[in-house]
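One structure is given below, encoded as structure tokens.
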Amino acid sequence: MVHWTPEEKHHITSLWAKVNVGECGGEALARLLIVYPWTQRFFSSFGNLSSPTAIVGNPKVRAHGKKVLTSFGEAVKNLDNIKATYAKLSELHCSKLHVDPENFRLLGDVLVIVLASHFGREFTPACQAAWQKLVGVVAHALAHEYH
Amino acid sequence: MLTTDEKQLIQHAWEKVLGHQEDFGAEALERMFLSFPPTKTYFPHFDLHHDSEQIRHHGKKVVTALGNAVRHMDNLSEALSELSNLHAYNLRVDPVNFKLLGHCFQVVLAVHLADEFTPQVQVAYDKFLEAVSTVLAEKYR
């Protein structure tokens, strides 16, 4: 079980309360597909991903980004039980979606950058550290059931 | 490698860094030390408290070197040759750490440039910092 200090929990939950999940989720997924274009391999059914403008404006990208970040909220609500929270999703990403767990780490780092650009100075070094720990724990949990 | 557009994006964004090398460098290092504690193992001789003189001085050094790289994107190997030697024979920093500092530097850019740190600017900087890292490690073996 991951140990969170009260400060870490505070940084995570207080920032999360201000996050617009639709906006940030869509932006995070769009940035993933733009900055690491090979991640587009999982989204051949999403239509036009031919340019950064196309990706940012793509409604399927925005919808899926929102879905992914909404799921991330489950981790925030269950900080003391993240592994169990993601057990089923882990199995899904392994057996059905065939996603290399490296992609979870890439998306985690992209999310940190999105938060930094939205929250500016409020996203302090200590706040970033708590969030880096969280995205790392989520990535680990999503990879945990791989076989 | 870097396209002409990407080089332009990098140079344009760098104008926002000028005048803030010490601040941005210190902040990137502090973010790295807090988020990735093992990176502190390279600085046992430093005072790593917030805003320490050593962190500010070192941060300025790092960002100034990056600025030099920005001005010589077409011949990074040559421009960073001394630093390559230093990292290969003296510092011997494991290259995974270049990725961590690169990420934290991008976080600093995102914090201070906000909307202007667009996905296109991000991909340009990610590629640029990766290229710098490769040059720094190129004489390792």
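Just so we're on the same page: letters track the sequence lines, and every chain starts at 1.
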TODO: Tell me, yes or no, whether the heavy-atom count around B/K127 atom NZ, taken from other residues, nucleotides or ligands under 6.0 Å, exceeds 12.
DONE: yes
Task: More than 12 heavy atoms of other groups within 6.0 Å of B/K61 NZ - done: no
- [ ] Could you please state which residues from residues 89-120 of chain B sit under 4.5 angstrom from chain A, measuring non-hydrogen atom to non-hydrogen atom, sorted by number, or 'none'?
- [x] B/H103, B/C104, B/Q106, B/V107, B/A110, B/V111, B/H112, B/A114, B/F117, B/T118, B/P119, B/Q120
TODO: Write out, in numerical order, the residues from residues 70-81 of chain B with a heavy atom short of 4.5 Å from a heavy atom in chain A.
DONE: none
Mind checking the [atom1]-[atom2] spacing from [X] to [Y]? Nearest 0.5 Å is all I need.
X      : Y      : atom1 : atom2 : result
B/D126 : A/I113 : CG    : CD1   : 7.5 Å
B/E27  : A/R121 : CD    : CZ    : 7.5 Å
A/T124 : B/L34  : OG1   : CG    : 8.5 Å

TODO: Between chain B and each of A/K133, A/E27, A/Q128, A/H118, count heavy-atom pairs under 4.5 Å; write down the option with the most.
DONE: A/Q128
Open item on the list: With a 4.5 angstrom heavy-atom cut-off, is it the side chain or the backbone of B/F33 that approaches chain A, or both, or neither?
Closed with: neither
Open item on the list: According to a hydrophobic-cluster definition based on side-chain heavy atoms being under 4.5 Å apart (Ile, Leu, Val, Met, Phe, Trp, Tyr only), do A/L97 and A/W38 belong together?
Closed with: yes
Task: Side chain / backbone / both / neither for A/F119 at chain B, heavy atoms under 4.5 Å - done: neither
Task: Heavy-atom closest contact (B/Q122 atom, A/V35 atom, distance) - done: CD-CG2, 3.6 Å
